[in-house]
**Student:** 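A single structure is presented below for examination.
This one's a predicted model, so the numbers in the text were calculated from it and none came from an experiment. Sequential numbering from 1 along the given sequence is applied to the chain's residues.
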Amino acid sequence: MTFGTSRPSGSFTSASSRGSAPALILDDIRGAQKMLTGVARMTAMEGSRYLTHLVGAPVHLKCENLQRTGSFKLRGAYVRIAGLSPEERAAGVVAASAGNHAQGVALASTLLGVRSTVFMPLAAPLPKVAATREYGAQVRLHGQVVDETLAAAQEYARETGAVFIHPFDHPDIIAGQGTVGLEILEQCPEVRTILVGLGGGGLAAGIALAVKAVRPDVTVIGVQAEGAAAYPPSLRAGRPMSIDEQQTMADGIKVGRPGEITFPMIRDLVDEVRTVSEDELSSALLLCLERAKLVVEPAGASTVAALLSTPKAFRGPVVAVLSGGNVDPLLMQRILRHGMAAAGRYLGLRLRITDRPGALATLLGVLSVADANILDVGHVRTDPRLGLTEADVELRLETKGPEHCADVEAALREAGYTILG
């Protein structure tokens with residue numbers, strides 16, 4: 001990738017006039033930034049004392065979860081649609097998305113007076129479907145998975161002449177997302193490491209292009225979910241590779257194949273790609289909610305998950321991009337339970353007690369003294385493995401963390417109980 005300033009400062013030439021895959025330069029992103037003035041917010045940069053202590057260097061959170069529509073996607077969508085010719089605008093635009101891109105395209109189109117149609121999976125969360133409609137798009141529900149939805153949107157584009165707005169693999173999209181990088185340099189000029197969630201690669205490519213052009217010494221790290229990590233095998237192969245299975249709660253970075261345009265940019269400009277587990281994602285989401293008072297979706301919290309995974313691996317100051325906050329309330333409920341379990345906040349136990357009056361009350365008294373909150377109790381007397389005077393008790397407890405779990409188990413053993421599992 002070659003950086004330069006051959007165009008006048010602030011200019012932006014749309015992809016439709018440059019060809020299908022032109023080389024992007026810093027001025028493209030600066031031009032996109034001017035175009036987005038009054039449209040996209042310069043989102044807050046919040047310090048995190050907890051993560052700073054953990055990492056041993058200043059950590060700041062770039063809060064794109066507070067962007068209009070709840071994610072960075074508005075930036076690229078607006079720049080892409082604004083660059084269309086009058087004829088293309090008249091034909092309307094079409095997109096496929098399970099959430100964030102859908103809302104970005106819907107709002108950008110409405111702001112620019114362009115008709116938009118957005119295809120979403122049948123199982124898309126109802127709040128995201130409702131928000132996309134409220135932003136002005138005609139929503140069509142199609143397909144069980146995003147690939148089926150994408151195929152339907154592309155077929156619609158062929159049939160109607162509507163312009164397909166790709167979620168990440170287009171120069172204008174990348175330039176729009178790259179404005180996040182310019183804001184990071186302005187808000188935290190001393191930054192040495194930037195962590196950014198990595199799905200198709202539009203945001204990471206744009207940030208890396210903007211930052212490396214100005215500060216080549218800054219380390220840019222992309223973060224993928226282990227269950228949907230297409231970039232590591234692609235980088236090893238030297239070309240975009242598809243992965244067959246994608247299993248992750250982080251649907252915002254759940255992409256099975258890198259883009260043809262984004263892949264070489266990630267290869268050449270991003271210093272490292274890391275992966276995080278589902279437990280780390282849910283723990284990160286819980287941390288953002290409890291410590292930073294920020295609602296962040298799993299994909300948006302992937303950067304925090306990377307910090308939790310290997311906190312001493314990063315040069316500070318560190319900026320972690322929180323790329324989105326659109327999370328379905330039902331999913332949030334499940335994720336928080338998962339995050340609390342991963343953080344040692346739940347304890348499941350199975351004990352055998354003597355089946356006599358008051359035995360269960362005595363057991364619960366021990367747990368009360370140990371300050372464990374009882375969520376569920378199962379009292380089993382009919383298992384054939386039990387003796388005539390025995391009963392099994394299954395408990396689910398709310399605890400204060402791993403150390404408290406150990407204290408509760410120790411208190412039960414000291415009281416004479418045998419923990420079966």
Side-chain angles (χ1 to χ4, degrees), residues 50 54 225-228 245 247-251 275-292 295-299 301-302 304-311 327-421:
Y50 178 85
L54 191 69
E226 285 179 358
E245 294 189 13
Q247 299 293 331
T248 179
M249 69 179 78
D251 57 354
T275 61
V276 291
S277 69
E278 297 298 285
D279 282 352
E280 288 162 348
L281 285 167
S282 57
S283 296
L285 188 148
L286 184 63
L287 184 144
C288 287
L289 189 63
E290 286 190 324
R291 297 282 184 161
V295 176
V296 184
E297 63 189 90
S302 60
V304 175
L307 291 174
L308 294 178
S309 174
T310 52
V327 57
D328 178 58
L330 293 177
L331 177 62
M332 171 71 86
Q333 188 179 44
R334 293 197 297 270
I335 291 170
L336 289 179
R337 286 199 301 264
H338 186 83
M340 290 179 72
R345 301 274 289 277
Y346 291 133
L347 177 62
L349 295 171
R350 185 168 173 265
L351 308 173
R352 188 156 292 171
I353 64 174
T354 302
D355 189 14
R356 58 177 174 77
L360 181 59
T362 301
L363 169 61
L364 300 184
V366 173
L367 294 172
S368 177
V369 171
D371 201 22
N373 186 32
I374 301 165
L375 300 176
D376 294 299
V377 178
H379 200 194
V380 181
R381 291 188 175 92
T382 57
D383 193 314
R385 293 172 296 181
L386 294 171
L388 185 62
T389 60
E390 292 179 327
D392 277 0
V393 177
E394 295 178 351
L395 299 164
R396 193 161 70 94
L397 311 173
E398 182 181 353
T399 60
K400 300 174 183 178
E403 291 183 3
H404 188 210
C405 288
D407 290 344
V408 170
E409 292 183 2
L412 289 169
R413 290 190 179 98
E414 186 177 342
Y417 293 100
T418 299
I419 299 174
L420 303 176

**Student:** Which atom pairs, donor and acceptor, lie under 3.5 Å between side-chain atoms of residues 414-421 and protein residues at least two apart or in another chain?
**Tutor:**
residue	atom	partner	partner atom	Å
Tyr417	OH	Leu363	N	3.4

**Student:** Indicate yes or no: at least one non-hydrogen side-chain atom of Val327 is less than 4.5 angstrom from one of Val295.
**Tutor:**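 With C-beta onward as the side chain, the pair touches.
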
**Student:** For the CG atom of Asn373 and the OG atom of Ser368, what is their distance to the nearest 0.5 Å?
**Tutor:**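 Reported value, rounded in 0.5 Å steps: 10.0 Å.
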
**Student:** List the atom of Ala305, the atom of Ala284, and the distance in Å for their closest heavy-atom pair.
**Tutor:**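 That would be N-CB, 3.4 Å.
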
**Student:** Would you please test Leu395 and Leu351 for side-chain contact (heavy atoms from CB on, under 4.5 Å) and show each step?
**Tutor:** CA-CA 8 Å; Leu395 299 164; Leu351 308 173; 4.1 Å; yes

**Student:** Between His404 (side chain) and Glu398 (backbone), is there a donor-acceptor pair under 3.5 Å?
**Tutor:**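 No, because the side chain of His404 does not come within donor-acceptor range (under 3.5 Å) of the backbone of Glu398.
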
**Student:** Between Leu397 and Ala372, what is the shortest heavy-atom contact and its length?
**Tutor:**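 Looks like CD1-CB, 4.2 Å.
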
**Student:** Does the side chain of Leu412 reach to within under 4.5 Å of the side chain of Leu367, using non-hydrogen atoms?
**Tutor:**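 They are in contact (side-chain heavy atoms under 4.5 Å apart), so the answer is yes.
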
**Student:** How long is the gap from CG on Leu349 to CZ on Arg396, to the nearest 0.5 Å?
**Tutor:**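 Between Leu349 CG and Arg396 CZ, I get 12.0 Å after rounding to 0.5 Å.
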
**Student:** If you measure from NZ on Lys400 to CG on Asp371, what distance do you get to the nearest 0.5 Å?
**Tutor:**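 Rounded to the nearest 0.5 Å, the NZ-CG separation comes to 3.5 Å.
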
**Student:** Which heavy-atom pair separates Ser302 from Ala299 by the least distance, and what is that distance?
**Tutor:**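 Minimum heavy-atom contact is OG-O, 2.8 Å.
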
**Student:** Quick check: closest heavy atoms across Leu281 and Ala250, and the distance to 0.1 Å?
**Tutor:**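 In terms of heavy atoms, the two residues are closest at CD1-CB, 4.0 Å.
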
**Student:** If you compare all heavy atoms of Ala228 against all heavy atoms of Thr248, which two are closest, and at what distance to 0.1 Å?
**Tutor:**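 That closest heavy-atom pairing would be CB-CG2, 3.8 Å.
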
**Student:** Find the distance between CG (Asp376) and OH (Tyr346) and round it off to the nearest 0.5 Å.
**Tutor:**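 Nearest 0.5 Å value for the CG-OH distance: 10.0 Å.
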
**Student:** Could you report the tightest heavy-atom contact between Leu285 and Glu297, atom names first, then the distance?
**Tutor:**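 Closest approach of Leu285 to Glu297: CD1-C, 4.0 Å.
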
**Student:** Looking only at atom types and distance, does a side-chain atom of Glu278 sit under 3.5 Å from a main-chain N or O of Met249, one as donor and one as acceptor?
**Tutor:**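 Checking the backbone N and O of Met249 against the side chain of Glu278, a donor-acceptor pair under 3.5 Å is found.
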
